[in-house]
Amino acid sequence: MAFVYISWFLLTQILLQVAKHEAKVPAVIVFGDSSVDSGNNNGISTLLKSNFKPYGRDFDGGQPTGRFSNGRVPPDFVSEAFGLKTSVPAYLDPKFGISDFVNGVCFASAGTGYDNATSDVLNVIPLWKEVEYYKEYQNKLKAYVGHDKAKEILTEALYLISLGTNDFLENYYVLPRRRLQFTVRQYEDFLVGLSENFIREIYSLGVRKISLTGLPPMGCLPLERASNFMAIDECMQEYNNVAVEFNGKLKNMVAKLNQELPGLRMLFTEKIYPLFYQIIKTPSSYGFEYADKACCATGTFEMSYLCNQNNPYTCADASKFVFWDAFHPTEKTNKIIADHVIGDLLDTFN
């Protein structure tokens, strides 16, 4: 009898904790690039899409959604951890409407960056347009649940922001325009300024709880390793150094804005870079077999349409791989990374 009572007591406490999470973070709202995009590129005119197999083969139902992975991406795991949906819907997905967006919505677009010139490269949604969609969403939410309830949801929601990699790997290091204007350190400062302006803008729209993610060890992406002709299959150390330097500047910006903007609670998820680097350097410690190449196709340069159902080289078991395609992690990697920061998110925003 005592055992039954204790079990019931523990269950009650767990349910209370879940209710607490639901009350304090009623929605997860996402801005960013392909690291967090859940399918907004599906309906726009761009070559950068992933709404076809084998993308999504390990997602619930085994169908491609537009996520650049074999399954879920980090915001999906964060949403689930807060007692919300197990996946965050894309704002532009016609299968969803405002009733689906009450507890979370994603405005992210694969291929975008802080720099408008980055989104122009592959004709994707620029960050300023993501904000315009967010404003539209605010109005729809007010019409759907009422002004007061919408204000509560929008103020208490957790906003996940993840972008910046494309600014360097798709823009600065590939095209001449920004390199003619800036040294790499000047470009870092330029992007940090754009990031700060973006944060200030969404703050003015009522955003108060933000998790900001910096750059991964981008020199270790399979595509960059395959392109490293000076040391084949080794990480591009220059790119990793830039990522570390840029992340330090973002962290300082976050500290500044937390001091300056009343009511703002912004967390810089600095744990992600060292964790991701350790996964890549010692994959077996995390249950992986391969970190230097991806699961899809040859695993060296393919992504989007080059990673397709007809390629005979695609692996049978993505859980053995850190990377799904030449630029993006597998669902297993996404979950490890998300789990590593979820504790900090719960502590900070609950």
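In this text the structure is predicted, and so the values were computed from the model without any measurement.
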Q) Is it true that a side-chain atom of Asn334 and a backbone atom of Arg72 form a donor plus acceptor pair closer than 3.5 Å? A) yes

(Q) side-chain contact (heavy atoms from CB on, under 4.5 Å), that's the test. Do Asp347 and Asn350 meet it? Break it down for me. (A) CA-CA 6 Å; Asp347 289 343; Asn350 271 298; over 6 Å; no

(Q) Does either side chain, that of Glu130 or that of Tyr91, offer a donor lying less than 3.5 Å from an acceptor on the other one? (A) no

Q) Residues sharing Val73's hydrophobic cluster, by side-chain heavy-atom contacts under 4.5 Å among ILVMFWY, directly or via others? A) none

Q.
Check for me whether Lys332 meets the cation-pi criterion with Phe288, that is, NZ or CZ under 6.0 Å from the six-membered ring centre and within 45 degrees of the ring axis.
A. yes

**Q.** Test item: side-chain donor near acceptor, Thr269 and Thr213, under 3.5 Å
**A.** yes

Q: Check Asp60, Asp37, Asp76 against Arg67 for a salt bridge (Lys or Arg N to Asp or Glu O under 4.0 Å) and give me the one that passes.
A: Asp76

Q) Atom CG in Leu122, atom OG in Ser34: separation rounded to 0.5 Å? A) 10.5 Å

Q) Pro75 and Val36: which non-hydrogen atoms are nearest, and at how many Å? A) CG-CG1, 3.5 Å

Q.
Other residues, nucleotides and ligands only: do more than 12 of their heavy atoms fall within 6.0 Å of NZ on Lys251?
A. no

Q | Enclosure of Lys149 NZ (heavy-atom neighbours >12, cutoff 6.0 Å) | A | no

Q: Flag this pair as yes if the NZ/CZ of Lys140 is under 6.0 angstrom from the six-membered ring centre of Tyr144 and inside a 45 degree cone about the axis; otherwise no.
A: no

Q. How many angstroms lie between SG in Cys235 and CD1 in Ile280, if you round to the nearest 0.5 Å?
A. 6.0 Å

Q) So with a 6.0 Å cut-off around CD of Gln259, is the heavy-atom count from everything else above 12? A) no

Q.
Just checking Tyr305 against Phe52, ring centres under 6.0 Å apart?
A. yes

Q) Any donor and acceptor pair, going by atom type alone, linking the side chain of Thr314 with main-chain N or O of Ala297 inside 3.5 Å? A) yes

Q | Inter-residue atom distance Ser211.OG - Leu345.CG, 0.5 Å rounding | A | 4.5 Å

**Q.** Any Leu92 side-chain heavy atom under 4.5 Å of Asn42 side chain
**A.** no

Q) With a 4.5 Å limit on heavy-atom distance, are the side chains of Leu212 and Val254 in contact? A) yes

Q: Determine whether Leu175 and Tyr239 fall in the same hydrophobic cluster, where Ile, Leu, Val, Met, Phe, Trp and Tyr are linked whenever their side-chain heavy atoms lie under 4.5 Å apart.
A: yes

Q. Looking at Asn40 and Phe107, what are the two nearest heavy atoms and their distance?
A. ND2-C, 3.3 Å

(Q) Are Tyr55 and Phe68 an aromatic pair, judged by ring center distance below 6.0 Å? (A) yes

Q: Answer yes if Val184 and Val174 sit in the same cluster of Ile, Leu, Val, Met, Phe, Trp and Tyr residues linked by side chain heavy atoms under 4.5 Å apart, and no otherwise.
A: yes

Q.
With no hydrogens and no angle check, just 3.5 Å: does a side-chain donor-acceptor pair link Ser109 and Asn41?
A. yes

Q: Please go through Val244's hydrophobic cluster and name the other residues, only I, L, V, M, F, W, Y counting, with side-chain heavy atoms under 4.5 Å joining them.
A: Tyr273, Tyr277

Q) Between Glu331 and Arg57, does a salt bridge (charged side-chain N to carboxylate O under 4.0 Å, His left out) hold up when you go through it step by step? A) CA-CA 10 Å; Glu331 179 183 66; Arg57 71 182 193 187; over 6 Å; no

**Q.** Tyr290 ring center near Phe323 ring center (under 6.0 Å)
**A.** no

**Q.** same_hphob_cluster(Leu306, Leu48) at 4.5 Å side-chain heavy-atom cutoff
**A.** yes

Q: Could you go through the side-chain contact (heavy atoms from CB on, under 4.5 Å) check for Arg200 and Leu257 one step at a time?
A: CA-CA 8 Å; Arg200 289 184 182 276; Leu257 292 186; 3.3 Å; yes

(Q) Between Glu245 and Arg185 (salt bridge meaning N to carboxylate O under 4.0 Å), is one present in this structure? (A) yes

**Q.** Test item: Thr112 side-chain N/O and Asp33 main-chain N/O as donor-acceptor pair under 3.5 Å
**A.** no

Q. Side chain of Asp167, backbone of Asp115: donor and acceptor closer than 3.5 Å?
A. yes

Q | Any donor-acceptor N/O pair, Asp100 side chain to Gly97 backbone, under 3.5 Å | A | yes

Q: Could you check Leu154, Thr155, Asp148 and say which one makes a side-chain contact (heavy atoms from CB on, under 4.5 Å) with Lys151?
A: Thr155

(Q) Between Thr333 and Val322 (side chain of the first, backbone of the second, donor and acceptor by atom type, cut-off under 3.5 Å), is there such a pair? (A) yes

**Q.** Worked check of side-chain contact (heavy atoms from CB on, under 4.5 Å) between Ser195 and Leu250
**A.** CA-CA 8 Å; Ser195 178; Leu250 280 181; 3.8 Å; yes

**Q.** Any donor-acceptor N or O pair under 3.5 Å, side chains Ser35, His328
**A.** no

Q | Option from Glu238, Arg179, Arg178, Glu224 for which side chain to side chain donor-acceptor pair (under 3.5 Å) with Tyr173 holds | A | Glu238

Q. Any ion pair linking Lys209 and Glu156 (charged N to carboxylate O, less than 4.0 Å)?
A. yes

Q. Do Lys129 and Glu132 pass the salt bridge (charged side-chain N to carboxylate O under 4.0 Å, His left out) test, and can you show the C-alpha distance, the side-chain angles, and the key distance before you say yes or no?
A. CA-CA 5 Å; Lys129 186 65 174 178; Glu132 290 303 306; over 6 Å; no

Q. Under 2.5 Å between the SG atoms of Cys315 and Cys296?
A. no

Q. Is it true that Phe31 and Tyr134 have ring centroids separated by less than 6.0 Å?
A. yes

Q: Mind checking the CZ-CE spacing from Phe276 to Met218? Nearest 0.5 Å is all I need.
A: 13.0 Å

(Q) Run the side-chain contact (heavy atoms from CB on, under 4.5 Å) test on Ile199 and Ile161 for me, step by step, so that the C-alpha distance in whole Å, both residues' side-chain angles and the decisive distance to 0.1 Å come before the verdict. (A) CA-CA 10 Å; Ile199 299 297; Ile161 301 169; 3.7 Å; yes

Q) Does Arg208 make a cation-pi contact with Tyr203, if we ask for NZ or CZ under 6.0 Å from the ring centre and within 45° of the axis? A) yes

Q) Are Ile44 and Asn123 close enough that some pair of their side-chain heavy atoms sits under 4.5 Å apart? A) no

